[in-house]
Amino acid sequence: MKRSSIKELLQSDKILQEVHVKGWVRTFRSNRFIALNDGSTINNIQCVVDFENADETLLKRINTGAAVSIHGTLTESQGKGQTVEIQVTNLEVLGDSNPDEYPIQPKKHSLEFLRENAHLRVRTNTFSAVMRLRSALSFAVHQYFQQNGFYYVNTPIITGSDAEGAGEMFKVTQFEANNAPVNEEGEIDYSKDFFGKETNLTVSGQLEGETYAMALGKIYTFGPTFRAENSNTTRHLAEFWMIEPEVAFNDLDANMDLSEDFIKYVLQYVLDNCQDDLAFLDSRLAQEEKKKPQAERSEMGLLEKLRFVVDNNFKRVSYTEAIEILRNSKPNKKKKFQFPVNEWGVDLQSEHERYLVEKHFKCPVILFDYPANIKAFYMRLNEDGKTVRAMDVLFPGIGEMVGGSQREERLDVLKEKMAELNIPEEELWWYLDTRKFGTAVHSGFGLGFERLVLFATGMSNIRDVIPFPRTPQNAEF
RNA sequence: UCCUCAAUAGCUCAGUUGGUUAGAGCAUCUGACUGUUAAUCAGAGGGUCCCUGGUUCGAGUCCAGGUUGAGGAGCCA
């Protein structure tokens, strides 16, 4: 007999028909009611066992976590918690689960404990909802770009350029740690290594992506990215997935339009397609919020927050305007900021970004036209000579969701900037070629996928929105 | 990397000014009950009090160093 998913059965009108399901036992109550989940939906289906006529040794094997195969009749439920249930005619335990050892109990676990059981945590409601949402978001990312004429480009994960300047890199080498060949100066001789040069895991596919945008027009990357920073925060991972669109002939305004349109599209997609999981996460967040003191509670629930972002325009503010707002803000005047805002040119601290997004504008904010000397070498210098066409999209509770810019398309200006920052031209000869041959205005941005998942699920720690998080001192699994 | 806090049963936690036999709820096991919804009731088992060293007649408790975790900062996406 054909097996149905629980998702299908809960929506079906197959009342009084024979059905077949397989899944894992969530709870077994009163020696009679199995709450069965197969991952197809957050909802369980209740399977009612005729315990009076059942083999007792079989009943003893129906434990939390066990895999079972069930044949039975779909009926309307006599109980209150569900509309339909399965009257079991045949039950087979496919895989036992020793209740003495199985770590996932039918009770609340701390997120810290579940992180230590990352291989099993997806069997909980919270993590299954998060991971289904992550999958849906990932699909929506591709759908958005594909529908809008973008080509998906796979930039290299092992990279030979270390001039991207996006952060500390993980080395890739075949050498033994204490037995690497050295040259006459006593330095490690990478010309003898696998690639014949020093190589690293990518921190960004942007530079390679730019070369493809200068031929395919509109491209995006969506792949793993690595940072060897010793970052211990709720927003950073050593291995994360980044989305990097790059568009030829787009200026910064078009770039801001793209980022806003893109974010709204993928959030609308999950609002339309992940209602059960979002409803669960919405109530989960509401319960979490209740534990906080009144002052720290967020004004909006998860669903409310998502709809708000989709329905309202992001506020676009230049760095210079932002500095003015901050300088005249109450916390600055009352010296509540740890880093007071006095002069133009300083980098904004988290507390300043949070003030702008959460207190002043109360909506996502796009900051643009930053001082040149706090931004990367490839960003387009403005006519004022002191700011660059950079932009950051800031989100409440998350901070920087997107970082992007219009790229410097003028070869001479780019070379000058690289010289200033001691970036050797030989390293990036291929990148400079895009400016030598048919250069054009172009723009792009990077969006940390996990930060998007963080926002869409209402989770608060980035380690809880990726299956197996990689962070300093932790590469278990 | 810096600052703050934490680590006690499988999980979540309590443990008084240092004091003799370290507790609770949940989970597990045994039994009762059976249309339950985190079922209920009765009973039982379960401890390297993170590690190393120190102070003390005596350390879960105090001190030092370390490990791991959490929150915040920096770096950023």
Side-chain angles (χ1 to χ4, degrees), chain A residues 26-35 43-52 59-60 63-65 75 77-82 85 87 97-117 124-125 164-168 202-206 221-244 259 296 337-339 347-354 374-376 392-395 398-404 445-455 460-464 466 471-474 476:
Chain A
R26 281 292 174 81
T27 60
F28 184 37
R29 283 186 294 272
S30 303
N31 221 17
R32 183 169 195 177
F33 303 102
I34 301 170
N43 300 305
N44 303 325
I45 196 159
Q46 175 156 285
C47 303
V48 187
V49 180
D50 179 10
F51 69 98
E52 280 157 329
L59 291 180
K60 287 238 185 299
N63 294 310
T64 301
T75 60
S77 178
Q78 297 167 35
K80 282 188 184 136
Q82 56 284 315
E85 64 193 17
Q87 298 292 334
S97 175
N98 184 346
D100 226 14
E101 294 175 31
Y102 187 56
I104 310 297
Q105 302 163 3
K107 62 167 273 188
K108 274 238 186 299
H109 289 289
S110 66
L111 294 172
E112 289 86 351
F113 172 73
L114 290 169
R115 257 168 239 154
E116 290 168 11
N117 292 279
T124 63
N125 285 334
E164 284 152 358
E168 282 296 308
T202 183
V203 291
S204 163
Q206 181 201 316
T221 73
F222 184 7
T225 311
F226 308 86
R227 302 276 164 91
E229 303 285 351
N230 192 6
S231 293
N232 294 286
T233 79
T234 53
R235 316 179 291 287
H236 292 86
L237 291 164
E239 176 182 294
F240 64 102
W241 287 65
M242 188 150 67
I243 297 153
E244 293 181 288
S259 67
E296 289 170 31
F337 282 142
Q338 200 187 335
F339 300 92
D347 209 351
L348 297 181
Q349 307 290 317
S350 288
E351 57 178 349
H352 306 139
E353 296 182 348
R354 270 210 314 276
I374 59 173
K375 288 291 181 181
D392 281 358
V393 181
L394 307 177
F395 259 61
I398 291 178
E400 192 176 338
M401 176 81 83
V402 164
F445 61 82
L447 184 148
F449 183 55
E450 282 73 21
R451 291 190 181 170
L452 186 65
V453 184
L454 206 51
F455 184 76
S460 48
N461 192 317
I462 203 161
R463 295 161 195 144
D464 297 330
I466 187 168
T471 52
Q473 298 304 316
N474 185 7
E476 191 68 53

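FYI, side chains are in, hydrogens and waters are out, and symmetry mates aren't considered; it's all heavy atoms of this structure. So that the names make sense, note that chain A is the first sequence line, chain B the second, and so on, each numbered from 1.
- Closest to the side chain of Ser30(A), from the set G71(B), U34(B), U30(B), is U34(B).
- Residue Ser110(A) has a polar side-chain atom (N or O) positioned under 4.0 Å from OP1 or OP2 of U12(B).
- A donor-acceptor contact closer than 3.5 angstrom is absent between the side chains of Arg235(A) and Thr233(A).
- Contact between the side-chain N/O atoms of Arg29(A) and the OP1/OP2 oxygens of U36(B) is not found at any separation under 4.0 Å.
- Nucleotide U4(B) forms a pair with A70(B), judged by Watson-Crick or G-U wobble geometry with both contacts under 3.5 Å.
- The base of U67(B) does not come close enough to the side chain of Gln473(A) for any donor and acceptor atom to sit less than 3.5 Å apart.
- Side-chain contact between Thr64(A) and Phe28(A) is absent, with no heavy atoms from C-beta onward closer than 4.5 Å.
- The partner of G25(B) is C11(B), by the rule that a Watson-Crick or G-U pair needs both atom distances under 3.5 Å.
- The separation of A14(B) from A22(B), taken at their C1' atoms, amounts to 11 Å, rounded to a whole angstrom.
- Side-chain atoms of Asn474(A) lie closest to G69(B) of the nucleotides A73(B), G69(B), U1(B).
- Summarising the geometry, the separation between OH on Tyr102(A) and P on U28(B) is reported as 13 Å, rounded to the nearest angstrom.
- Here the side chain of Arg235(A) is nearest to one of A73(B), U36(B), G35(B), namely A73(B).
- Of the candidates A39(B), C75(B), U30(B), the closest approach to any side-chain atom of Ser231(A) belongs to C75(B).
- When each of G72(B), U37(B), G10(B) is scored by its nearest atom to the side-chain atoms of Lys80(A), the top-ranked nucleotide is U37(B).
- Arg32(A) has no side-chain polar atom (N or O) that falls below the 4.0 Å cut-off from OP1 or OP2 of U40(B).
- Heavy atoms of Asn232(A) sit under 4.0 angstrom from at least one base atom.
- In plain terms, the two heavy atoms of Phe113(A) and Pro103(A) that are nearest each other are CE2-O, 3.8 Å.
- Checked against A73(B), G35(B), C75(B), the side chain of Arg354(A) finds its nearest nucleotide in A73(B).
- Pairing of C62(B), defined by two Watson-Crick or G-U wobble distances under 3.5 Å, is identified with G54(B).
- Across every strand in view, C75(B) sits unpaired, with no contact that passes the Watson-Crick or G-U test at under 3.5 angstrom.
- Distances from the side chain of Thr233(A) to the nucleotides A39(B), C76(B), G74(B) place G74(B) closest.
- Side chain to side chain, Arg26(A) and Asn125(A) meet the donor-acceptor criterion of an N or O pair below 3.5 Å.
- For the atom pair CD (Glu244(A)) and OG (Ser204(A)), the distance works out to 3.5 Å, reported to the nearest 0.5 Å.
- Straight-line distance between the C1' atoms of G72(B) and C63(B): roughly 27 Å, to the nearest whole Å.
- In the set G35(B), A27(B), A70(B), the nucleotide with an atom closest to the side chain of Gln105(A) is A27(B).
- Considering only the side chain of Glu85(A), G35(B) comes nearest among C26(B), A73(B), G35(B).
- For the pair Ser350(A) and G74(B), the criterion of a side-chain N or O lying under 4.0 Å from OP1 or OP2 is met.
- A salt bridge does not link Asp347(A) with Lys375(A): none of the charged nitrogens is closer than 4.0 Å to a carboxylate oxygen.
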